[in-house]
Amino acid sequence: MELSLSPTSHRVPSTIPYLNSAILCTKATLGFSSHSHSIGLQHHRHRRCSIPVSKTPQRPSSIRACTGVGAAGSDRPLVEKLLDLKDACWRFLRPHTIRGTALGSFALVARALIEHTNLIKWSLLFKAFSGLFALICGNGYIVGINQIYDISIDKVNKPYLPIAAGDLSVQSAWFLVIFFAVAGLFIVGFNFGPFILSLYTLGLFLGTIYSVPPFRMKRFPVAAFLIIATVRGFLLNFGVYYATRAALGLAFEWSSPVVFITTFVTFFALVIAITKDLPDVEGDRKYQISTFATKLGVRNIAFLGSGILLMNYIISVLAAVYMPQDFRRWLLIPAHVTFAISLIYQTWVLEQANYTKHSNFG
């Protein structure tokens, strides 16, 4: 909200020190917003600097003094500007999605290595890290292209995102997503062969049609959640495990733990797909984006997501009970029982808070 002062309401008492008066005058003159970094110049011609001066007319000097303070404040060191840019780029990557990608990849790579410890070589370390970087690039491309085409919606739903907040220009965002796509495709094609490259390309394609017109599949709830579940569930897990076994010189084959991990993460991705729009109902309705949350209501979708996730945890416990030869009961059962109890508690908290945005969704 821009600061608005009437011509008779902006005088500063002469007892306030000169510097404070200059800062206050600069804010009034330039119309700084108290909630953003933007500078508004509306109506500044009608505002006067009220720094105590002599009775001799010196208005031009006073104006220069006021604007000089503002200019000095905006002349920030290069190091600070670079740190702000780094922070904006990091937020542009949506770190929580990177954590999920990295965790799922680590679990499947570890599973493949545990099954064949005799084939582990130090030379595989570089390939593993390059694969992880390629996955992060793919993730960055998908979430980045979504932010570029969702600026208006994000200003309502997620104003803290760097493009919506004005911390990252659209041109810079395009540079980043193009870099992510090219770098990811190059790394995968050079290190992992044509089959994994085709899977990676399919993932980028699905991420593109999810956000980019004229497709913009995010407008259709079923198509949107199928794309998310496919990319973050099946393609990611199958591709990582296939690539790991290929790097070890082994043909691909399913095993009970890998089927379990892939199924668990795919259902987890389904939950993400149907609940991710819960905090975005306001903006989605405004821009006519149809989601499960806008169609069925926040409370119903929250219960549906919690129910699917609870089922995931219960099946995990049952798998450990009935398949002790494939799973470590001492780890799987306590962990998933704890997760289930936590899920039930968080669902109860949301219910008590009446599903308001500030209670959890923000």
Side-chain angles (χ1 to χ4, degrees), residues 23 26-27 30 32-40 69-106 109 125-188 190-191 200 203-204 207-208 210-212 228 231-232 236 240 272 276 279-280 283 357-358 361-362:
I23 294 172
T26 303
K27 289 183 177 181
L30 296 180
F32 279 117
S33 167
S34 60
H35 299 290
S36 68
H37 300 293
S38 62
I39 297 176
V69 175
S74 63
D75 188 18
R76 299 165 56 239
L78 178 61
V79 174
E80 289 187 13
K81 293 180 181 179
L82 291 176
L83 289 175
D84 286 346
L85 178 61
K86 178 183 74 69
D87 175 70
C89 291
W90 179 242
R91 286 184 286 125
F92 182 70
L93 283 171
R94 307 302 303 277
H96 68 281
T97 61
I98 293 178
R99 287 192 290 268
T101 299
L103 183 61
S105 303
F106 176 80
V109 170
L125 192 61
F126 173 77
K127 181 170 283 191
F129 279 110
S130 65
L132 179 60
F133 182 71
L135 289 174
I136 292 174
C137 284
N139 188 87
Y141 170 82
I142 291 172
V143 299
I145 204 78
N146 181 256
Q147 291 175 67
I148 290 173
Y149 284 96
D150 274 7
I151 298 175
S152 299
I153 300 175
D154 287 340
K155 286 181 178 179
V156 178
N157 293 335
K158 301 181 180 74
Y160 53 84
L161 291 179
I163 305 180
D167 298 329
L168 189 70
S169 68
V170 176
Q171 292 83 353
S172 298
W174 272 114
F175 173 81
L176 287 173
V177 297
I178 292 172
F179 167 78
F180 290 146
V182 173
L185 289 168
F186 176 79
I187 291 171
V188 173
F190 185 77
N191 290 284
Y200 190 87
L204 296 186
T208 300
Y210 176 84
S211 301
V212 177
I228 293 173
V231 174
R232 296 198 175 277
L236 173 64
V240 167
I272 294 173
K276 70 178 183 62
D280 300 339
K357 187 171 182 177
H358 66 273
F361 302 141

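Everything quoted here is computed from the prediction, not taken from an experiment.
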In terms of heavy-atom contacts, does NZ of Lys127 have more than 12 from other residues, nucleotides or ligands at under 6.0 Å?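 Yes - once you tally the heavy atoms of other residues, nucleotides and ligands closer than 6.0 Å, there are more than 12.
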
Point-to-point distance, once rounded to the nearest 0.5 Å, from [atom1] of [X] to [atom2] of [Y]:
| X | Y | atom1 | atom2 | result |
| --- | --- | --- | --- | --- |
| Asp280 | Lys158 | CG | NZ | 3.0 Å |
| Trp90 | Ile98 | CH2 | CD1 | 4.5 Å |
| Ser169 | Phe175 | OG | CZ | 11.0 Å |
| Ile163 | Asp154 | CD1 | CG | 8.0 Å |
| Asp87 | Leu82 | CG | CG | 12.5 Å |
| Ile153 | Lys155 | CD1 | NZ | 12.0 Å |

The test is side-chain contact (heavy atoms from CB on, under 4.5 Å); show your working for Val231 and Tyr210 and say whether it passes. CA-CA 11 Å; Val231 174; Tyr210 176 84; over 6 Å; no

Check side-chain contact (heavy atoms from CB on, under 4.5 Å) between Val177 and all other residues, then give those that pass, not counting sequence neighbours. Phe92, Tyr141, Ile145, Ile148, Trp174

Would you please test Asp167 and Arg91 for salt bridge (Lys or Arg N to Asp or Glu O under 4.0 Å) and show each step? CA-CA 10 Å; Asp167 298 329; Arg91 286 184 286 125; 2.9 Å; yes

Taking all non-hydrogen atoms of both residues into account, name the closest pair between [X] and [Y] and its distance.
| X | Y | result |
| --- | --- | --- |
| Ala165 | Pro159 | CB-O, 3.3 Å |
| Val143 | Leu93 | CG2-O, 3.7 Å |
| Ser105 | Leu135 | OG-CD1, 3.1 Å |
| Ile187 | Ala134 | CG2-CB, 3.9 Å |

Is the shortest side-chain heavy-atom distance between Leu204 and Leu185 below 4.5 Å? yes

Under a 4.5 Å cut-off applied to non-hydrogen side-chain atoms, are Gln147 and Ser211 in contact? no

Side-chain donor or acceptor of [X] paired with backbone N/O of [Y] under 3.5 Å:
| X | Y | result |
| --- | --- | --- |
| Asn146 | Ile142 | no |
| Ser172 | Leu168 | no |
| Thr97 | Arg94 | yes |

What do the steps show when you test Cys137 against Tyr200 for side-chain contact (heavy atoms from CB on, under 4.5 Å), and what is the final call? CA-CA 11 Å; Cys137 284; Tyr200 190 87; 3.9 Å; yes

